[in-house]
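Below: the structure, in structure tokens.
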2 protein chains.
Amino acid sequence: MAKSKPTPFHHGDLKRVLFDVALSRLDEHGAGGVTIRAVAKAAGVSHGAPVNHYRDRRALLTAIAKAQFDTLLNEIDTKLAAIDHDHGSRIEIFANVMMDFGFRYPHRYRLLWSADLVDHADAELLSVMDKIYDQLCTGVTKGAPGREFDKDTYAVAFWAMVHGYVDLRLSGMFEPLNDSISGAPRGDAIIDMFKKLLA
Amino acid sequence: MAKSKPTPFHHGDLKRVLFDVALSRLDEHGAGGVTIRAVAKAAGVSHGAPVNHYRDRRALLTAIAKAQFDTLLNEIDTKLAAIDHDHGSRIEIFANVMMDFGFRYPHRYRLLWSADLVDHADAELLSVMDKIYDQLCTGVTKGAPGREFDKDTYAVAFWAMVHGYVDLRLSGMFEPLNDSISGAPRGDAIIDMFKKLLA
DNA sequence: AACTTTATATTGACACTGTCTATATAATTG
DNA sequence: CAATTATATAGACAGTGTCAATATAAAGTT
């Protein structure tokens, strides 16, 4: 029999625990609540322990962001693969996945675009973001062939609109609860409009 | 002759100095560089002085955000007033003002939508944002009359697209310097596309 | 003018934060 | 078993926001 204890080191897989605790704190208290010391405390280790697994706070948050992009990539991938060939609503999948994620996990979504908290020059992060963009482009070309606008313009405009809508709503604008701007349309109305413009 | 000394109190107009210093630090170091203590130091007062003029850090940043929205409102107002009646490119003014501001003052633009740093429930802030939204709606109705989409859907979609494009670029995406996504279109190409879709 | 009240500024304290150092211990390697 | 590496601890330092106590300047009141 080999080792019955799968924990290779002192604590075991502290790295994973730190990640989970940090993600939980992100959802609850926002990125500001993800402090090295608080995460270490919740993980039951001293404040100096995390440095062995995450160089600094930024590295921890970057790891979380990367995992979220991975999740988004997989979700879009799965739903894209399940759809009929040359179905017209491929871009809708992209939009729905992004919006669902943004409204379900607002703090995670905000973190994705926080240049001060996340290292957007991280190679792995860039790679995942690239793949998501490629997925969108696939949706664009297959969904709306022969348009007068080039692929990139269309893809960027669409992503910008989806992102902008989520981000503005997370800022409190267009919020159903916020009556400052009444009659704000819902996300599907926005997408619907964009789709009709292309039809 | 009245009082030759216009400084009514100890320091004079510390409130304005604090504001200016904070804005300058925002542009240079981002919102993270706008600390009460650093601002107080740069203003030449003790770290406890600012509380008499700004309740806390959030209040200071909210004041700055409000001033930026005021600037945007005025800029749009001026350019809208100078344009021909029922000119088709009224929405373009909105987009150009927003994008110019965002790319010129990235940290200011980011601050506008930072719910953790700015009190978006502030009545004055809401009022200015409302007015900007109304300006956009004016541009929408006068620029593209008789469309099949309701005014709010159109306005929100357009603002979302403009905001999303600026915000994504400030995150490092679509950056000309960042070659991860090549061939990213420029802002005017996005607006141009949106306009043509409506023509 | 003198007194009171208010506005403003200073100072010190407290509980946090990230990050660095030195130290200790566990796990692995030779 | 010895040496090396990986991991965890504890302490320190310079910051941070915010609060309380104190001091002073200005304005209001009598």
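Below, chains carry the letters A, B, ... as their sequence lines are ordered, and counting in each starts from 1. Worth knowing before you read on, the calculation uses all heavy atoms, side chains too, and leaves out hydrogens, waters and symmetry mates.
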About how many Å separate CG of B:Leu23 and NE2 of B:His107, when rounded to the nearest 0.5 Å?
-> 12.5 Å

CG-NE2 distance between B:Leu18 and B:His53, expressed to the nearest 0.5 angstrom | 6.5 Å

For B:His53 and C:dA7, is the shortest distance between a side-chain N/O and OP1 or OP2 below 4.0 Å?
-> no

A:Tyr165 ring center near B:Trp159 ring center (under 6.0 Å) = no

B:Tyr109 ring center within less than 6.0 Å of B:His163 ring center | yes

Extract all donor-acceptor atom pairs below 3.5 Å that involve side chains of residues 57-69 of chain A and protein atoms in other chains or at least two apart in sequence.
unit_1  : atom_1 : unit_2   : atom_2 : d
A:Arg57 : NH1    : A:Ala31  : O      : 3.3
A:Arg57 : NH1    : A:Val34  : O      : 2.6
A:Arg58 : NH1    : A:Ala115 : O      : 3.3
A:Arg58 : NH1    : A:Asp116 : O      : 2.9
A:Arg58 : NH2    : A:Ala115 : O      : 3.4
A:Arg58 : NH2    : A:Val118 : O      : 3.3
A:Thr62 : OG1    : A:Arg58  : O      : 2.7
A:Thr62 : OG1    : A:Asp119 : N      : 3.0
A:Lys66 : NZ     : A:Asp70  : OD2    : 2.9
A:Gln68 : OE1    : A:Arg108 : NH1    : 3.3
A:Gln68 : NE2    : A:Ile64  : O      : 3.3

Distance check needed: [N] [atom2] versus [X] [atom1], whole Å only.
| X | N | atom1 | atom2 | value |
| --- | --- | --- | --- | --- |
| B:Asp13 | C:dA7 | CG | C1' | 15 Å |
| A:Leu117 | C:dG18 | CG | P | 12 Å |
| A:Leu18 | D:dT7 | CG | C1' | 12 Å |
| B:Lys41 | C:dT11 | NZ | C1' | 15 Å |

For the side chain of B:Arg110 and the backbone of B:Asp167, is there at least one donor-acceptor N/O pair under 3.5 Å apart?
-> yes

Sub-4.5 Å side-chain heavy-atom contact between B:Ile132 and B:Met98 = yes

Would you mind classifying the nucleic acid contact of B:Ser46 as base, sugar-phosphate or nothing, using non-hydrogen atoms under 4.0 angstrom?
-> base

Residues within residues 19-28 of chain B bordering DNA chain C, heavy-atom distance below 4.0 Å = none

Just the atom pairs and distances: protein N or O near nucleotides 18-21 of chain D's N or O, under 3.5 Å.
unit_1 : atom_1 : unit_2  : atom_2 : d
D:dT18 : OP2    : B:Arg57 : N      : 3.1
D:dT18 : O4     : B:Arg37 : NH1    : 2.9

Please report the C-alpha distance between B:Trp113 and B:His120 in whole Å, then the side-chain angles of each, then the deciding distance to 0.1 Å, and finally whether the ring-ring contact (aromatic ring centres under 6.0 Å, His included) criterion is met.
-> CA-CA 8 Å; B:Trp113 318 105; B:His120 283 121; 7.0 Å; no

Answer with yes or no whether A:Asn52 presents, from its side chain, a donor or acceptor under 3.5 Å of a partner atom in the base of D:dA6.
-> no

